[in-house]
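Please read the structure below before turning to the comments.
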Amino acid sequence: MAGEIDSRIAETDPEIASQDPLHHEEEVLAFDDYTAVDHVSHFTGVAISSFYIIAAIVTLWEVFSRYALHAPTYWAFETVMVLCAASWMLSSGYVTLKHRHIGITVFHVLASPATRWRLDLFAMVVGVAALYLLLTDATVRALGSILSVEKSGTAFNSPMPMMLKSLLMVGGFLYLAQLTTNLHRHLHAQWARNSVKALAAIMTIYFIASIGAEIAGKDSIFAMVSGFFSDIGKELDPSKALKMRSYDLATVSIIVVVLLIGLMMTGMPLGIVTLIVSVLMAIAFFGPRGLFLVSTNAAGLLEKYTLVAIPFFVLMASILERAGIAEDLFDAMSIFAGNLRGGVAVQTVIVAVILAAMSGVMGGEIVMLGLVALPQMFRLGYDRKLTIGLICASGALATLIPPSIIMIVYGLSAEVGIGDLFMAGAVPGIMLAVFYASYVLIRVNLNPSMAPTAVEVAKLRGTDNTLSKERLTAVILCVLLIFSVMGSIYGGIASVTEAAAVGCIGSLVVAAIRHQFRWSVISAALMGSMTTVGTIVWLILGAVSFVGIFNLVGGGDFLRSLFLDLGLPAMGVILVMMLILVILGTFMEWIAIVFITVPVFAPVVMSLAPELGLTEDQAKVWFGILFVMNIQIYFLSPPFGPACFWLKSVAPKDVTLQEIFTAVLPFIALQIVGLVLVMLFPQIALWLPEFLN
């Protein structure tokens with residue numbers, strides 16, 4: 001069985017680190033057909049993929065130095081930030097070359113090939129425009145920082161601000177160059193390709209002139225050329241003609257939301273959508289100088305230390321998955337299940353909980369359970385619909401059980417402590433797992449034909465399931481590692497980022513115990529983490545820029561006032577928010593939902609806190625759990641539930657989407673019950689963080 005599973009995993013190559021495991025790294029062209037830009041993007045992506053492991057080692061040294069040597073470092077924090085920012089920004093070319101950016105493709109895939117070609121063309125043109133406009137200001141800011149050698153002002157006093165702004169500029173150039181190359185490759189007519197070359201030449205001249213003007217001064221030839229472009233920009237300034245400040249906030253909000261959703265529906269990368277909308281808003285309201293606001297928001301994102309936890313958790317999950325720990329966990333739990341009817345189903349839920357604590361993202365977990373658990377449960381005679389629904393629902397627990405990547409992104413957007421969210425999500429997550437296991441046990445005991453016992457399984461298989469000493473040791477160490485990482489966060493011993501770094505290095509030890517400490521395993525994990533996190537961070541960058549501009553023009557305050565003026569009680573407002581999330585979840589990616597809704601919803605919930613009987617901090621944490629539970633329901637809900645499509649990708653051919661959609665309905669009902677319970681009894685989520693604090 002193990003060999004069969006290994007071969008299927010190798011065939012499908014699921015990436016537990018990826019939120020979108022179906023979007024494989026397709027080789028869109030042969031390596032020999034690479035252009036110079038393609039080679040630079042590919043080489044840069046491979047070169048910086050190791051930065052996360054270096055950053056994890058530096059963070060681990062800081063923890064060791066602080067606790068064991070009683071000598072905290074002055075340099076670790078800034079070193080880690082620069083390493084991670086370099087990986088985030090410099091991954092842009094590779095991610096774009098491999099077409100890994102996240103987009104809403106529901107309507108895109110339904111279109112005809114000709115329409116898809118036009119939509120892709122539109123997305124590339126818009127992307128080039130957005131990045132060019134971002135870089136017109138980001139380049140000037142970066143050069144100013146370099147020439148003045150801007151430093152952090154901390155005890156270490158490194159040039160971190162200068163390096164972060166420089167990385168944003170270089171990453172933006174990589175992104176722009178690769179996207180322009182993709183655009184050139186996408187076109188077939190020679191005149192169209194020549195137009196792209198001319199556009200690339202004009203942009204190159206502009207940026208060379210801008211850089212030269214900053215270095216050589218205002219009297220140089222570079223300044224004259226740069227001034228020529230600036231004069232054109234001033235003449236084309238749309239803010240004078242549009243007079244957006246004269247519009248009421250309701251009209252502005254409607255225009256922005258319609259533009260945002262309309263662009264999303266084309267299937268273009270969500271990071272480009274939010275970036276171009278923020279750029280257009282900045283120019284429409286403040287003229288060309290408004291681009292300063294966009295580049296400032298983007299550069300500010302790179303200084304958020306909490307973001308560093310995402311690559312560490314993703315890398316930890318990727319190493320453990322590729323080392324075969326998921327299969328070991330399943331076999332170990334199968335042995336421990338005993339003679340309980342439905343025991344394999346129960347241990348599948350337990351394995352899903354442990355995998356959730358390993359990964360933080362649900363896509364790879366569902367794929368892994370689909371590869372490992374689904375065929376085994378089918379072979380053992382488990383009811384098909386019960387098995388399919390259980391695997392989809394159990395895999396979705398990764399959204400709620402810490403370390404959840406969704407919680408980290410929510411916490412950044414709502415300005416909530418990530419550790420508090422992790423603690424608050426643990427009990428609801430385990431509660432849902434208990435619901436699933438209890439539901440299965442009730443069903444199989446009412447109808448014994450739906451699941452066999454261990455004795456019946458042994459007779460059917462004709463063999464006893466055993467684990468080697470190395471595999472059993474790896475399982476024990478993996479569980480201890482997860483408890484150590486989560487325990488250090490809950491116990492206040494280490495920050496979320498530090499605990500994630502410890503887990504990242506610990507996963508290498510577990511891989512070595514299982515004799516999987518090989519370069520093929522490590523390199524694949526590093527590359528998968530680099531592309532996954534690079535995709536997420538560039539999306540967050542665009543979203544942060546959009547939210548900053550939207551709030552600056554008053555859009556956020558207006559939308560918040562709408563909720564407060566509905567005349568509903570506090571719980572009624574919460575229900576309206578939940579309904580909006582359900583509607584958005586039918587066609588929008590979770591990360592886009594977070595950045596569009598949370599900056600509006602979180603302040604409203606805080607203002608309603610006294611009416612809800614909560615403090616403002618409690619309200620934000622409680623609503624965060626409700627938000628994540630709602631997203632979890634969206635992952636399963638037909639007709640666009642991603643979990644259903646992910647499972648379909650690895651399920652036997654006779655498993656249809658209609659069967660999967662039918663199978664998940666009872667588990668969606670259990671999720672709704674859990675959501676209602678947490679809504680009515682906030683202490684389900686709040687008691688653990690309050691107890692530990």
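Every heavy atom of this structure was used, including side-chain atoms; hydrogens, water molecules and symmetry mates were not.
No donor-acceptor pair closer than 3.5 Å links the side chain of Glu303 to the backbone N or O of Gly300. Side chain of Lys620 to main chain of Met606: no donor-acceptor pair is present (N/O by atom type, distance under 3.5 Å, no hydrogens or angles). Panel note: side chain Ser404, backbone Ile401; no donor-acceptor pair is recorded below 3.5 Å. The main-chain N or O of Trp88 is found under 3.5 Å from a side-chain atom of Ser91 such that the two form a donor-acceptor pair. A distance-only check finds no donor-acceptor pair linking the side chain of Thr266 to the backbone of Gly262 [under 3.5 Å]. Proximity of a side-chain donor or acceptor of Thr96 to a complementary backbone N or O of Ser92 within less than 3.5 Å is detected. For Trp687 (side chain) and Ala424 (main-chain N/O), no donor-acceptor pair under 3.5 Å exists by modelled atom type. Judged by distance alone, the side chain of Asn297 and the main-chain N or O of Gly548 form no donor-acceptor pair under 3.5 Å. Judged by distance alone, the side chain of Ser413 and the main-chain N or O of Tyr410 form no donor-acceptor pair under 3.5 Å. The backbone N or O of Phe435 lies less than 3.5 Å from no partner atom in the side chain of Ser438, so there is not a single donor-acceptor pair.
At a threshold of 4.0 Å, the pair Arg384-Glu659 counts as salt-bridged, since one of the basic side-chain nitrogens sits closer than that to a carboxylate oxygen.
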Practice problem: Step by step, work out the side chain to side chain contact (heavy atoms under 4.5 Å, CB included) result for Ile625 and Met407. | Solution: CA-CA 8 Å; Ile625 302 306; Met407 285 187 185; 3.9 Å; yes

Self-check item: Step-by-step ring-ring contact (aromatic ring centres under 6.0 Å, His included) determination, Phe292 to Phe286
Solution: CA-CA 10 Å; Phe292 167 74; Phe286 308 105; over 10 Å; no

Exercise. Check the pair Trp622, Phe627 against side chain to side chain contact (heavy atoms under 4.5 Å, CB included), reporting the backbone distance first and the verdict last.
Key: CA-CA 9 Å; Trp622 170 69; Phe627 184 94; over 6 Å; no

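One finds the CG atom of Leu134 at 6.0 Å from the CG atom of Leu168 (value rounded to the nearest 0.5 Å). Atom CZ in Arg116 sits 15.0 Å away from atom CG in Leu121 (nearest 0.5 Å). The CG atom of Leu293 sits 8.5 Å away from atom CG of Asp137, with the distance rounded to the nearest 0.5 Å. Rounding to the nearest 0.5 angstrom, the gap separating the CE atom in Met124 from the CD1 atom in Ile272 is 11.5 Å. The distance from atom CE of Met281 to atom OG of Ser545, rounded to the nearest 0.5 Å, is 11.5 Å. One distance of note links OG1 of Thr399 with CG of Leu636; it measures 9.5 Å at 0.5 Å rounding.
Gln671 has its side chain out of reach of Leu675: every pair of non-hydrogen atoms, C-beta onward, lies at least 4.5 Å apart. The side-chain heavy atoms of Leu133 and Ile283, taken from C-beta on, include a pair separated by under 4.5 Å. With contacts defined as side-chain heavy-atom distances shorter than 4.5 Å, the pair Met679/Met571 qualifies. Residues Ser318 and Ser529 meet the side-chain proximity criterion, which asks for heavy atoms closer than 4.5 Å. Put simply, the side chain of Val349 does not reach to within 4.5 Å of the side chain of Val440, judged on heavy atoms. With a 4.5 Å cut-off on side-chain heavy atoms, Val308 and Tyr305 count as touching. Taking the side chain as every heavy atom from C-beta outward, Phe661 and Leu665 never approach each other to under 4.5 Å. The side-chain heavy atoms of Leu686 and Leu614, taken from C-beta on, include a pair separated by under 4.5 Å.
Around the CZ atom of Phe681, the shell of radius 6.0 Å holds no more than 12 heavy atoms that belong to other residues, nucleotides or ligands. A 6.0 Å sphere centred on CD of Glu690 holds more than 12 heavy atoms belonging to other residues, nucleotides or ligands.
Shown here for Pro666 and Tyr439, the closest heavy-atom pair between the two residues is CB-OH, 3.4 Å. The two residues Ala309 and Ile408 come nearest to each other via the heavy atoms CB-CD1, 4.2 Å.
Using modelled atom types, one finds a donor on one side chain and an acceptor on the other under 3.5 Å when comparing Ser112 with Thr115.
Aromatic ring centres of Phe563 and Phe601 lie closer together than 6.0 Å.
Using cut-offs of 30° and 60° for the angle between ring planes, the His101 and Tyr175 rings count as parallel. Classification of the Phe546-Phe550 ring pair by plane angle, with boundaries at 30° and 60°, yields parallel.
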